[in-house]
Number of protein chains: 2
Amino acid sequence: MTGTSKAPSRLDETDRRILRALQRNGRLTNAALAEEIGMAPSPCLRRLKALEEDGVISGYRALIDRRQLGHGVEAYAFVKLAQSDPDWRTRLIEKLKAFDEVISCQAMTGECDLLVHIVADDIEAYGEFAMQRLLTLPGIADMRSSFVLATIKPDRGWPV
Amino acid sequence: MTGTSKAPSRLDETDRRILRALQRNGRLTNAALAEEIGMAPSPCLRRLKALEEDGVISGYRALIDRRQLGHGVEAYAFVKLAQSDPDWRTRLIEKLKAFDEVISCQAMTGECDLLVHIVADDIEAYGEFAMQRLLTLPGIADMRSSFVLATIKPDRGWPV
DNA sequence: AGTGAAATGACCATAAT
DNA sequence: ATTATGGTCATTTCACT
């Protein structure tokens with residue numbers, strides 16, 4: 001790892017307007033962005049570059065309808081780890097990260113140790129993945145799956 | 001609401017390559033995208049437009065480091081609803097959606113009815129939000145909070 | 001290919017410290 | 001005065017026809 005992120009940058013209201021706009025539409029051209037926040041294109045681009053440089057903006061992503069990819073099932077697995085040496089834990093984590101079905105994984109406080117966001121084409125595929133590939137990993141003491149029935153509030157990013 | 005999305009579009013390998021590329025970098029210019037997938041810019045753009053038109057791509061988003069926004073705490077609340085008439089449920093949902101702190105909310109199978117993704121500046125702010133604003137909503141039978149300790153695998157979108 | 005727009009960078013203006 | 005930040009313009013690059 002080379003680049004240590006600096007962080008003197010306190011975000012002012014202009015920065016925040018830029019972030020808000022790009023969270024709504026990450027593909028805005030600089031010209032359109034500048035107009036939206038009421039600023040000339042050049043200083044707007046300067047700020048945008050600084051925000052990227054400082055890692056405030058870490059990237060851009062196209063949002064895709066998972067159903068049209070054939071992924072009919074979205075689930076969360078609540079995983080409780082067996083107490084085992086850190087080595088095992090590390091290897092488990094590595095395996096977990098490698099699965100395409102695992103969208104994201106976070107270590108948590110509380111009842112479960114890991115919150116694993118999973119996608120699969122259908123329930124059968126999910127079952128096979130969970131039983132054959134997840135639960136067979138050494139180091140998992142317990143796992144419960146919950147399936148997404150409906151998205152009540154879709155993720156639109158952080159409040160800025 | 002006017003536009004009903006059509007969905008005949010079966011995605012071929014070229015479409016998928018476009019989606020993969022834009023999930024990694026949503027701000028790729030059409031020229032760069034075309035080069036990456038080994039195609040001439042013009043047909044590439046036509047496909048991109050079609051993907052947007054069909055709602056396969058639903059939007060674009062800048063990814064922002066929440067910490068630099070001052071949001072030090074990320075949590076999930078596992079909410080169990082009280083049995084109550086659909087009216088109450090609807091009103092609860094509306095209230096939930098209105099909170100800036102609520103990043104996303106999904107109806108789930110299993111132990112909890114709602115999985116609520118929440119962000120706050122610090123633990124104190126989270127506590128205040130959870131106790132004063134969430135738990136006071138009528139219709140919540142039970143709620144447990146878990147805090148994100150570490151992101152083991154960050155969300156990079158769906159497998160394509 | 002060619003047209004028009006957008007990104008980029010040099011330079012100046014201005015305001016706050 | 002100096003630093004930080006916005007505006008203007010000229011040039012290059014790029015997107016779309």
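Values below: every heavy atom of this structure, side chains too, minus hydrogens, waters and symmetry copies.
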Given atom [atom1] of [X] and atom [atom2] of [N], what is their separation to the nearest angstrom?
X        : N       : atom1 : atom2 : value
Arg47(A) : dT8(C)  : CZ    : P     : 17 Å
Leu28(B) : dC14(D) : CG    : C1'   : 14 Å
Lys49(A) : dT5(D)  : NZ    : P     : 18 Å
Leu45(B) : dT17(D) : CG    : P     : 7 Å
Leu11(A) : dT5(D)  : CG    : C1'   : 16 Å
Asn30(A) : dT13(D) : CG    : P     : 18 Å
Arg27(B) : dA7(C)  : CZ    : P     : 8 Å
Leu48(B) : dA15(D) : CG    : P     : 12 Å

Does [Y] offer a backbone N or O that forms a donor-acceptor pair with the side chain of [X] under 3.5 Å?
X         : Y         : value
Asn30(B)  : Pro41(B)  : yes
Arg20(A)  : Val160(A) : yes
Lys153(B) : Lys97(A)  : yes
Asp54(B)  : Val56(B)  : no
Arg66(B)  : Gly72(B)  : yes

Exercise for review: Treat a base pair as Watson-Crick or G-U wobble with both distances under 3.5 Å, then lay out DNA chain C in dot-bracket form, 5' to 3', with | for cross-strand pairs.
Suggested key: |.|||||||||||||||
Review point. Residues two or more places apart in sequence or in another chain: which of them pass side chain to side chain contact (heavy atoms under 4.5 Å, CB included) with Glu36(B)?
Key: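 For Glu36(B) the side chain to side chain contact (heavy atoms under 4.5 Å, CB included) partners, ignoring immediate neighbours, are Ala21(B), Arg24(B), Leu28(B).
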Check your understanding: In terms of heavy-atom contacts, does CD of Gln83(B) have more than 12 from other residues, nucleotides or ligands at under 6.0 Å?
Key ->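 Not buried by this count: 12 neighbours or fewer within 6.0 Å.
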Practice item. Indicate, yes or no, whether a donor-acceptor pair under 3.5 Å links the base of dT8(D) to the side chain of Ser42(A). Key: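 Yes, a donor-acceptor pair under 3.5 Å.
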Exercise for review: Check whether any side-chain N or O of Thr29(A) sits under 4.0 Å from OP1 or OP2 of dA6(C), and answer yes or no.
Suggested key: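 For dA6(C), OP1/OP2 do not have a side-chain N/O of Thr29(A) under 4.0 Å.
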Practice item. Scan Arg46(A) against the nucleic acid and name what it touches under 4.0 Å (heavy atoms): base, sugar-phosphate only, or nothing. Key: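 Base, at least one base atom sits under 4.0 Å.
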Exercise for review: Identify whether any heavy atom of Ala40(A) sits under 4.0 Å from a base atom; if not, whether one sits that close to sugar-phosphate; answer base, sugar-phosphate or nothing.
Suggested key: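 Base contact.
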